[in-house]
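Remember, it's a predicted structure, so these values are computed and weren't measured experimentally. Throughout, numbering of the chain's residues begins at 1 and tracks the sequence. Only heavy atoms go into these numbers, but all of them, side chains included; no hydrogens, no water, no symmetry mates.
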Amino acid sequence: DDSPEWVWNNSQGTSMDWVSIEEGCHQMFSLGGCPQIDADTGFDMIEAYVFAFARHHLLGDESEQTTDLLEGSLRPWDAVSIQGK
């Protein structure tokens, strides 16, 4: 099953994070936003989390700003929430 929810619910032994964006949709990653979210704001949200993930996991960035964003203690947008397991 390739459903993200199925993977989240059935994964064990692997650290995972789920970034949720209120009123977000799949197009935020490809076409620049969703009808309920301004395109520039949507791109800002996606870029912040994608680049923080890449900096942390690929470049070993352990800076406070990067880790706080990925752990959810830094919340630049109220519409974004993070779950970890």
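- The number of heavy atoms from other shown groups lying within 6.0 Å of CD (Q65) does not exceed 12.
- Every residue two or more places apart in sequence or in another chain that forms a side chain to side chain contact (heavy atoms under 4.5 Å, CB included) with A79 is listed here: E22, M45.
- Cluster membership check: L70 does not share its hydrophobic cluster with V50, using side-chain heavy-atom separations under 4.5 Å among Ile, Leu, Val, Met, Phe, Trp and Tyr.
- Not counting sequence neighbours, F51 has no partner by the ring pair (Phe, Tyr, Trp, His ring centres under 6.0 Å) test.
- The salt bridge (charged side-chain N to carboxylate O under 4.0 Å, His left out) contacts involving residues 60-85 comprise R55-D61, where partners must be two or more places apart or lie in separate chains.
- When all heavy atoms of C34 and G24 are compared, the closest pair comes out as SG-C, 3.6 Å.
- Taking 4.5 Å as the limit, some side-chain heavy atom of I37 sits within range of a side-chain heavy atom of I21.
- In terms of heavy atoms, L69 sits closest to P76 at CD1-CD, 3.7 Å.
- Identified under the ring pair (Phe, Tyr, Trp, His ring centres under 6.0 Å) test for residues 53-72, with sequence neighbours left out: F53-H57.
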Atom pairs and distances, side-chain donor-acceptor, residues 11-18, under 3.5 Å, sequence neighbours left out:
from: S11; atom 1: OG; to: V7; atom 2: O; distance (Å): 2.6
from: W18; atom 1: NE1; to: S20; atom 2: OG; distance (Å): 3.1

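- Between G84 and W8, the shortest heavy-atom contact is C-CH2, 4.0 Å.
- Under the ring pair (Phe, Tyr, Trp, His ring centres under 6.0 Å) criterion, W77 pairs with no residue, sequence neighbours left out.
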